[in-house]
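Have a look at the structure below before the remarks.
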Amino acid sequence: MTVSSTSTAPASARANASRRAPGSRTAGAARTARRKTMRERDRSGYVFVAPFAIATGLFLLWPTIYGLWMSFTNQSLTGTKSSFIGLDNYIEALGDPQVWQTLWHTVVFTLLSVIPLVIVSLGMALLVHTGLPGQWVWRMSFFAPFLLTSAVVASLSSWLFQPEIGLFDVWLSKVNLGPVGWLSDENVAMYSIVLVTVWWTVGFNFLLFLAALQGIPHTLYEAATIDGAGGWRRLFSITIPQLRNITAVIVVLQILGSLKVFDQIYLLTGGGPNGSTRPILEYIYDAGFTNYRLGYASAISYVFFALILVFTLIRLVPTRKES
Amino acid sequence: MMTEHDKGVPTGRRRAGRMPAARRDPAGGTASGPGSPGLSRRRLLQAALVGAGGIALGGSLAGCATEPAAGKGKTSVTVWDLFTGSDGANMQKMVSAVSKANTDLYVDSVTLAWGAPYYTKLAMASSGGGKPPEAAIMHMSRLAGYAPGGLLEPFDLDALAALGVRKEDFTPAVWQKAQFDGQLYALPLDTHPYISFFNPAVAEAAGLTVTDGKLAISGADDFLDAGRAMAKATGDTGVSFGYLRDAASCWRMFWGLYNQTGGGYELTPGRSAQLDEKAATGVFEFLQEMLDGKIAARDQDGGAAEGRFMTKRTGMFFSGEWELPTLQSALPDVSAMPMPTIFGTPATYADSHSFVLPKQSSPDPEKRAATYRVLAGLIKQGLTWAHAGHIPAYQPIVSSDAYQDLTPQKIYAPAAETAVFDPNVWFTGAGSDFQNRIGDSMAETLSGKATPKTAVDRMLSEMNRFLSQPNPA
């Protein structure tokens, strides 16, 4: 959902901008007329949103509410009788070192991944936008990995990371380096996962940046060139400031995306070595689906949800003031 | 989000202009033109609906497909298993043999991916909400977590006896393991120990003695010497043991060897774990000595270990006997024996595939009778199963001449007699979080990056964590 809505955001913003150009101040009368017809059509609108609303209700709202209820029970996956146990799950979760340890791993992953995912994608977008020959080749090759599923990415990279016979270790051994415990060394595994994730998902941010770059009016550059500004000057005084808003969007989306990390870690290391890469979502999954404690797993999810909510509020309040 | 893009436009005007502009898109089509864009959208929707309907119809038809396949008058019995590779191929052979012998039955064999998710699915299907299969394969090591929770139904011994399956047909150790509360909850199909494969050619070149098809090795020093000799013979390393990113292998190796030391243990929920820490440390010291880069490669995963053995770069390979068909394809004269006795008492880590009866919400006596016939039939197909490397649990097969002609199966078959299973607590067993966590906590010590004591400490703290959790079943 996030993917589709955000990918259209810059495009429609541009569409708005162009439509608002000369002549967009249509007569007020026409507008009121249109509003009236809009109101008449309001009811048919419900029909159109119904499929989505039903799906959201069934697969998002109801599970969310039901999960909240479960977090106050000792519900088990095995279907044995469950009972209301109040805040016991929350008390256990807050005192469970595994919760904090895995939460920390998620935070570390987020910090390590968000920075390169924003900077590298910006760099790639700028390079492509400067007009390298063969635009579509660059665009495609930077974006293509994003289209792969996590299982494919994990299979490919686990071959590359394979001890002894993996491509990375073979290359390193050619220059008398290594072997590196890509996925088996506690101090390395998280970086390997970040490396894979950056390669895999950087294309999406790249696309957002590229779209935003193409949306910067040419007149600004023309004016600056006439005033004698060089390439670097134009980059730092026009391009970067113009990208401020899209950068904020990308950073927020990326943080939320990185906090959700699960697939690639589950598939590549299963949380190891010695639990050093296990993210909180894997702990929730293990608690609920491998150890059958659905109630406890729900409680941890809600603790995590609350933390993200607090973070989002702290982050959002200043942004709103700015705008 | 959208507003943040166009900073250049004055705010008031932007607000006024934005809303209609955004809404104009969907409404404009039908209102303005002579209907063409609107019509095309409607057509598109119709087409989509027809398409979706078609898919739904196709799906429901496909869903029906299995029942007619059962044929008229046939009783369908669904059996879940987790066998892929040569295990899967052999199980399919057994299923078709049973189907041929029972023309009034249809065996609907469902293979699911092995691992923790298999047991999640089985628990969900058996927990009242789902539609459980009539029978399913379960690792015996998982029984302690399943039977007490009421997810399974016990077997009727008289019904089994009528089909020629009796207590006397199984080894006492396995039969005992299949019991809970004085009733039989699992019908054992096999015992599958974690054994040592060896290449007779390498063993001979290394000057090792082979008696009764087994390498004569006893004690840690003897084993390490043999490893060095084999390393010399191969010009590479002597022994293959893959453990990286393979928590189960770490655990199987450790638990088998720990039981050789005679070190006891106590894992009682609600109390702290008791292990013979000195003995456990000794096991890790031995493993570190073996994984020195000369006897065995230090950082190897299962695939690399197997690859080295098959390409004759090692002479010995620790693995489950289910690898036999794969190894035989590369090394036709590969041999195998129970785990060498390193610490005094012979012991080999093992588990057992067994059939269980998931609890049915509405039991059907006719189906139940059919299920017994299918399972008894499958158990008696143990000779086919033995080709996959497994040691049949049904003893009349093991003592048959046909089985005694199978090498190296008959050499390692005695491993079933010294088999040690997972500790008998609800959270242990194949594919459990327990095996995964404990095995994972050992890997660093095995690769020499942490001390043996670290592994023991970590193991105890993981065990304590599990012991302090409530049993969800």
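All chains are named by letter (A, B, ...) in the order of the sequence lines, taking the proteins before the strands, and each is independently numbered beginning at 1. Values below: all heavy atoms of this structure, side chains included; hydrogens, waters and symmetry mates excluded.
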- Message: With a 4.5 angstrom heavy-atom cut-off, is it the side chain or the backbone of A/Phe161 that approaches chain B, or both, or neither?
- Response: neither

- Message: Please classify the contact between A/Gln75 and chain B as side chain, backbone, both or neither, with a heavy-atom cut-off of under 4.5 Å.
- Response: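 For A/Gln75, there is no contact with chain B at all, as no heavy atom is under 4.5 Å.
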
Check whether [X] gets within reach of chain A through its side chain, its backbone, both or neither, counting any heavy atom under 4.5 Å.
{"X": "B/Tyr146", "answer": "side chain"}
{"X": "B/Phe466", "answer": "side chain"}
{"X": "B/Asn471", "answer": "neither"}
{"X": "B/Arg298", "answer": "neither"}

Would you name the heavy atoms of [X] and [Y] that are closest together and state the gap between them?
{"X": "A/Pro163", "Y": "B/Leu244", "value": "CG-CD1, 3.9 Å"}
{"X": "B/Pro117", "Y": "A/Tyr266", "value": "CG-OH, 4.2 Å"}
{"X": "A/Asn274", "Y": "B/Arg458", "value": "ND2-CZ, 2.9 Å"}

- Pick from B/Met442, B/Arg465, B/Gln469: which one has the most heavy-atom pairs with chain A under 4.5 Å?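 Answer, by heavy-atom pair count under 4.5 Å with chain A: B/Arg465.
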
- Relative to chain A, which of B/Ala304, B/Gly149, B/Pro470, B/Ser432 shows the most heavy atom pairs under 4.5 Å? B/Pro470

- Query: Quick check: does any side chain N or O of B/Arg245 sit under 3.5 Å from a backbone N or O of A/Leu268, one acting as donor and the other as acceptor?
  - Reply: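 Checking the backbone N and O of A/Leu268 against the side chain of B/Arg245, a donor-acceptor pair under 3.5 Å is found.
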
- Message: Test your reading of the model: is there a side-chain donor-acceptor pair from B/Asp433 to the backbone of A/Ala287, 3.5 Å cut-off?
- Response: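 Judged by distance alone, no pair lies under 3.5 Å.
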
- Message: Can you tell me if B/Lys294 has over 12 outside heavy atoms packed within less than 6.0 Å of its NZ?
- Response: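 No, NZ of B/Lys294 has 12 or fewer neighbouring heavy atoms, counting only those of other groups under 6.0 Å.
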
- Task: State the CG-OG1 distance between B/Asp440 and A/Thr277, to the nearest 0.5 angstrom.
- Result: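 Between atom CG of B/Asp440 and atom OG1 of A/Thr277 there are 8.0 Å.
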
- Query: When rounded to the nearest 0.5 angstrom, what distance separates OG1 in A/Thr290 from CG in B/Asn436?
  - Reply: 8.0 Å

